[in-house]
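Proteins get letters first, then strands, A, B, ... in listed order; numbering begins at 1 in each. Remember, it's a predicted structure, so these values are computed and weren't measured experimentally.
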Amino acid sequence: MAFDIQRVAIAQMAPRLGDIGANLERHHEYIREASAQGAHLIVFPELGLTGYQTQDLTLEVARSAASPEIQSIVGMSMEIDVLFSFVEETDDHRFYVTALYASKGEIVHKHRKVYLPTYGMFDERRYFAPGDRFDVLNSSLGTLGVLICEDAWHLSAPYLLAMQKATLLLVPASSPWRNTMAAAEFGSHAFWRHLLQMYAQLLGVHIVFANRVGYEDGVHFYGGSGIVAPNGSWLVEAGTGESELIVAEIDRRLTRRTRYTTPLVRDERVHLVASQLQALLQRGDFGAPGH
Amino acid sequence: MRPDIEQALRLREELTTSVLEGFLRDEVRKVGFERVVFGLSGGIDSALSAYLATRALGREHVHAVLMPYRSSSPSSLADAMEVVRDLDIPHTVVEITGPVDAYFEQMDKLLGEQASPLRRGNRMARERMVTLYDLSAAMNALVVGTSNKTELLLGYGTQFGDMASALNPIGDLYKCQVRQLSAYVGVPQSILKKAPSADLWADQTDEKELGFTYDDADEILYQWVDLRLTPDEIIERGYDASLVRHIVQRVARNQYKRKPPIIAKLSGRTIGIDFRYLRDWGH
């Protein structure tokens, strides 16, 4: 039985591009600090161990889950659960943007980024293979699922996790900011805030958003990490631009009350969705599987 | 400028400034430098770069270089000095008349004709670049660029001259945004109010030379580049067809100025084509 109240930490950090040693050290420090603050879980940003635009460094920075660097983080998960991200290389030499969930010294969950943005300023599909599923994990914080950055910009992804009974979504990200012009809030930051608040309320979940900071060749990652509750309110928010560790308490009793008051997940018609999608697939509207 | 476009181009000043200051700090220090050097012409673009660099790095870590030519307007130097005084930053005045005139004295004889204003202007811009890069080595300081998005797109600058720099905080700001942010950071009124000029010869102004105003250029460029409207769609909105086509052609024709030299591909891995790393690589 999960405890009602859990402390969750977010390490909003600026990874050094391609420098796994330095980034690993930073991960160790943040894990120790979060642990000292009594956190049950710490969440790191997307590709926190490598930096975001690895391009042809991909071949150099890729690690298997069994590598000593990855295992050194896994080994620190005795007292505190850790969700962290790196370039994963499989035995057959595919490269993924991967997030691992480590608990009690073991890897208990792995998510490979499904949606690799390859448009505009993004070029992920050139280097990485896409993951092929959204699974959940039963943890001491309840049932949770992971969405890496762009995964969360696809409606079906949080939906699939919620239908698998997730009450907590972890969203490691490397989101740059792209518009400092007039709109009340700027481009991607405003979009993320609205998106996460809406998901939290529609799906009755807590969402932990861990976005990186720092610059890569002039591209600025804005941070703005935080935790949004099932009622759409922000429990904690980091600033934009600076590295920091933030901590907040997630209270599952709020999830309970919210889901009772507004039982959208309970009333969801999964069979209807599945049968309509199945019919569309049979008509061939979506081309070959995998697309 | 149409009110809706003007509104869309309005910057959030505090946010933009903090991103640009962070950019300067991060990209300078990451590569092992603490200092920057830049040319200060007395115009608005280099003034804005000076204010941003000073805010980002502190007055002791910036160095302004004023490089007048004998035909430069005295008010340009006075305006640049106003910036130096206001920011209380170290500066050096380097006359470029000697080297530029010596060059053309020889070259005019060799070619048997007098150099055009274009060639003279390019030579001045490159003399300033050479000076800045020499001081970059002398002072262990990176060269900060001062070209804005409008002139980069229009190709209104000298390749390997004023377009050269190690990093450029204002290259994604249209001219109207440079004006807005300059007012916000406190660039002196005399600079904010005067007509933009490359000051390569007497009475030159950018807008006279270009044949259109910066506001017109910004308005058309924003809709074409940022909103991805086609030239025809922009013309449908009521803009002068020949101006729209002229600006669009100008941007395309000057793409070469915005790119490193192209390399003939021979191997399986060619610099600039399939040898892909950020410049931040290794830092």
**Request:** State which residues pass salt bridge (charged side-chain N to carboxylate O under 4.0 Å, His left out) with Arg35(B); sequence neighbours excluded, sorted by chain then number.
**Result:**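 For Arg35(B) there are no salt bridge (charged side-chain N to carboxylate O under 4.0 Å, His left out) partners, ignoring immediate neighbours.
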**Item:** Pairs of heavy atoms under 4.5 Å with chain B: top-ranked of Gly51(A), Gly18(A), Gly218(A)
**Value:**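 Ranked by contacts with chain B, first place is Gly218(A).
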**Asked** Would you say the side chain of Tyr215(A) lies within less than 4.5 Å of the side chain of Glu27(B), judging by non-hydrogen atoms?
**Response**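 The answer is yes; the side chains approach within 4.5 Å.
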Check whether more than 12 heavy atoms from other residues, nucleotides or ligands sit under 6.0 Å from atom [atom1] of [X], and answer yes or no.
{"X": "Ile273(B)", "atom1": "CD1", "value": "yes"}
{"X": "Asp4(B)", "atom1": "CG", "value": "yes"}
{"X": "Leu59(A)", "atom1": "CG", "value": "no"}
{"X": "Gln255(B)", "atom1": "CD", "value": "yes"}

**Request:** Taking Glu216(A) for its side chain and Asp280(B) for its backbone only, find out whether a donor-acceptor pair lies under 3.5 Å.
**Result:**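 No: the side chain of Glu216(A) does not pair with the backbone of Asp280(B).
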**side chain to side chain donor-acceptor pair (under 3.5 Å) partners of residues 264-273 of chain B, not counting sequence neighbours, each pair once** =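 Of all non-adjacent pairs touching residues 264-273 of chain B, those that pass side chain to side chain donor-acceptor pair (under 3.5 Å) are Asp56(A)-Arg269(B), Lys265(B)-Thr270(B), Lys265(B)-Asp274(B), Arg269(B)-Tyr277(B).
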**Prompt:** What pair of heavy atoms forms the shortest contact from Leu17(A) to Trp281(B), and how long is it?
**Reply:**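 Heavy atoms only, the tightest pair is CD2-N, 4.1 Å.
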**Message:** Quick check on Tyr127(A) against chain B: is it the side chain, the backbone, both or neither that has a heavy atom closer than 4.5 Å?
**Reply:**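 Interface part for Tyr127(A): side chain.
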**Asked** Tell me, side chain or backbone of Asp217(A) under 4.5 Å from chain B's heavy atoms, or both, or neither?
**Response**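 It is both, since atoms from each part get that close.
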**Asked** Once you round to the nearest 0.5 Å, how far does OG of Ser18(B) lie from CD of Glu242(A)?
**Response**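 Rounded to the nearest 0.5 Å, the OG-CD separation comes to 8.5 Å.
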**Asked** Going from OH on Tyr52(A) to CG on Leu278(B), what distance comes out if it is rounded to the nearest 0.5 angstrom?
**Response**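 Output value for this atom pair is 11.0 Å.
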